[in-house]
Structure formats: C-alpha cells, structure tokens
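This report concerns only the one structure given below.
Protein chains get the first letters and strands the later ones, always in sequence-line order, with residue 1 at the start of each. All values below were derived from every heavy atom in this structure, side-chain atoms included, with hydrogens, water molecules and symmetry-related copies excluded.
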Amino acid sequence: MRYWLMKSEPEEFSLEDLRNRPDQTEPWDGVRNYQARNFMRDDMKRGDQVFFYHSNCAEPGIVGIATIAREAYPDPTAFDPDDSHYDPKSDPDNPRWYHVDVGFERELNRTISLKELKEHAKTLEGFALIRRGNRLSVMPVDEAHWRYILSLE
DNA sequence: GCCAACGTTGGC
DNA sequence: GCCAACGTTGGC
C-alpha cells in the first residue's frame with residue numbers, strides 16, 4: 001500500500017464536503033498537471049491512504065485521511081466544453097487526463113498545519129510538500145513520513 | 001491582493 | 001531545442 005497527499009481548496013471542495021457526499025466518495029477531477037496525473041493514473045491503487053490537505057485558506061495543512069476508492073479512469077470534465085477544466089486536446093479515444101475516486105476515512109483530531117510540518121523539516125527531509133516552491137497538488141508520501149506526521153496528531 | 005515559483009506554450 | 005511570455009498555484 002502507498003501513501004499520498006492531495007490538496008484541495010476548502011472553498012472549492014473540503015474534507016467536510018467529502019464526508020457529506022451520499023457515498024462519501026468523490027471523483028478527483030480537474031487535475032491538469034502531468035506529474036499529478038501520472039501519480040493518479042500509474043501508481044494509485046485502491047485502498048491507498050491519502051492525507052487530505054487544505055490549501056489556499058487561513059490555515060493550510062492536513063485535515064483528514066482519505067482513501068483511494070476507485071483506480072484511474074478518464075476525467076470526463078476534460079470533454080465537457082461547459083466545464084472550467086475543459087481541454088479540447090483531450091480526445092475521448094485517447095484521453096489525456098485521468099483521475100481517481102477518493103473516499104472519506106476520518107477527520108484528524110486537529111489540523112497539522114504546513115507551518116508545523118515545516119518545523120519538522122529535518123525528519124521530513126524529501127517530503128515534496130515542504131520543498132521550496134512546491135506546487136504539485138498530488139504527491140507521494142514516504143511511509144516513514146506518513147507515520148511520523150500521524151504521530152504528531 | 002501580492003508575488004515568487006514554476007509549468008506550459010509557441011515563435012524562432 | 002531554446003527561451004520569453006504567459007497563466008496558475010498557493011503561501012503570506
């Protein structure tokens with residue numbers, strides 16, 4: 001099993017939104033970055049664990065745990081001209097963008113903020129989230145880092 | 001709202 | 001294949 005971190009702006013889609021979905025799962029659509037897509041398409045397996053991260057908000061940080069509920073399949077929003085993530089270069093016969101479904105697991109007892117994570121930079125060396133200038137919205141987390149971060153909870 | 005960092009695009 | 005221009009991300 002692998003471990004991941006996925007970012008979402010809470011004003012767009014929050015952990016609460018995921019919890020409140022009828023089946024507590026959601027297609028992680030709209031990702032238009034090749035590296036993030038490759039992680040979803042090639043490496044994510046059903047049951048993998050995910051840190052749910054809130055970005056672009058008052059206190060950016062990890063707020064909960066999700067799981068990969070469905071493995072990669074083409075992102076339909078790429079084919080929809082009315083969707084803000086429409087990409088005319090994505091051909092339904094050869095889709096450019098793939099995504100997974102994410103399922104709610106639990107909320108953390110407290111938010112583990114980006115600020116706090118940066119204070120553990122030494123232990124978390126190599127963790128993509130705290131690398132300078134990082135903008136990836138989907139990234140792998142080492143198992144050792146995963147466990148350490150959870151121990152902070 | 002600002003702006004640094006970074007990915008993508010497209011002219012050459 | 002280089003690189004300037006541009007758009008986006010996301011912390012602050």
Open item on the list: Using ring centroids (six-membered ring only for Trp), state whether A:Trp4 and A:Phe52 fall under 6.0 Å.
Closed with: no
- [ ] Determine the contact category for A:Arg132: base if any of its heavy atoms lies under 4.0 Å from a base atom, sugar-phosphate if only primed atoms, P, OP1 or OP2 are that close, otherwise nothing.
- [x] sugar-phosphate
Task: Residue closer to the 5' end of DNA chain B, A:Asn56 versus A:Lys89 (nearest nucleotide) - done: A:Asn56
Open item on the list: Do A:Asp42 and A:Tyr98 pair up side chain to side chain, a donor and an acceptor below 3.5 Å, judged on atom types alone?
Closed with: no
Open item on the list: Using a 4.0 Å heavy-atom cut-off, does A:Lys115 contact any base of the nucleic acid, only the sugar-phosphate backbone, or nothing at all?
Closed with: nothing
TODO: Give the nucleotide from the list B:dT8, C:dG11, C:dG10 with an atom nearest to the side chain of A:Tyr34.
DONE: B:dT8
Open item on the list: Expressed as a whole number of angstroms, how long is the span from A:Leu117:CG to C:dC12:P?
Closed with: 12 Å
TODO: Using whole Å, report how far CG of A:Leu129 lies from P of B:dC6.
DONE: 14 Å
TODO: Mind calculating the distance between CG (A:Asn38) and P (B:dG7) to the nearest angstrom?
DONE: 13 Å
- [ ] For A:Glu11 and C:dT9, give me the distance from atom CD to atom C1', rounded to whole Å.
- [x] 15 Å
Task: Whole-Å gap separating P (C:dT8) and NE2 (A:His85) - done: 11 Å
Open item on the list: Less than 3.5 Å apart, any donor N or O on the side chain of A:Asp80 or A:Thr77 sitting next to an acceptor on the other?
Closed with: no
TODO: Take the protein atom CG of A:Asn33 and the nucleotide atom P of B:dC6, then report the distance between them rounded to whole Å.
DONE: 13 Å
Task: Atom pair distance, as rounded to whole Å: CZ in A:Phe13 and C1' in C:dG10 - done: 19 Å
Open item on the list: If I take atom CG in residue A:Leu114 and atom P in nucleotide C:dC12, what distance separates them, rounded to the nearest angstrom?
Closed with: 6 Å
TODO: For the side chain of A:Lys7, starting at C-beta, report the closest nucleotide among C:dG11, C:dG10, B:dA5.
DONE: C:dG10
TODO: Answer yes or no: is there an ion pair linking A:Asp87 with A:Arg96, defined by an N-O contact shorter than 4.0 Å?
DONE: yes
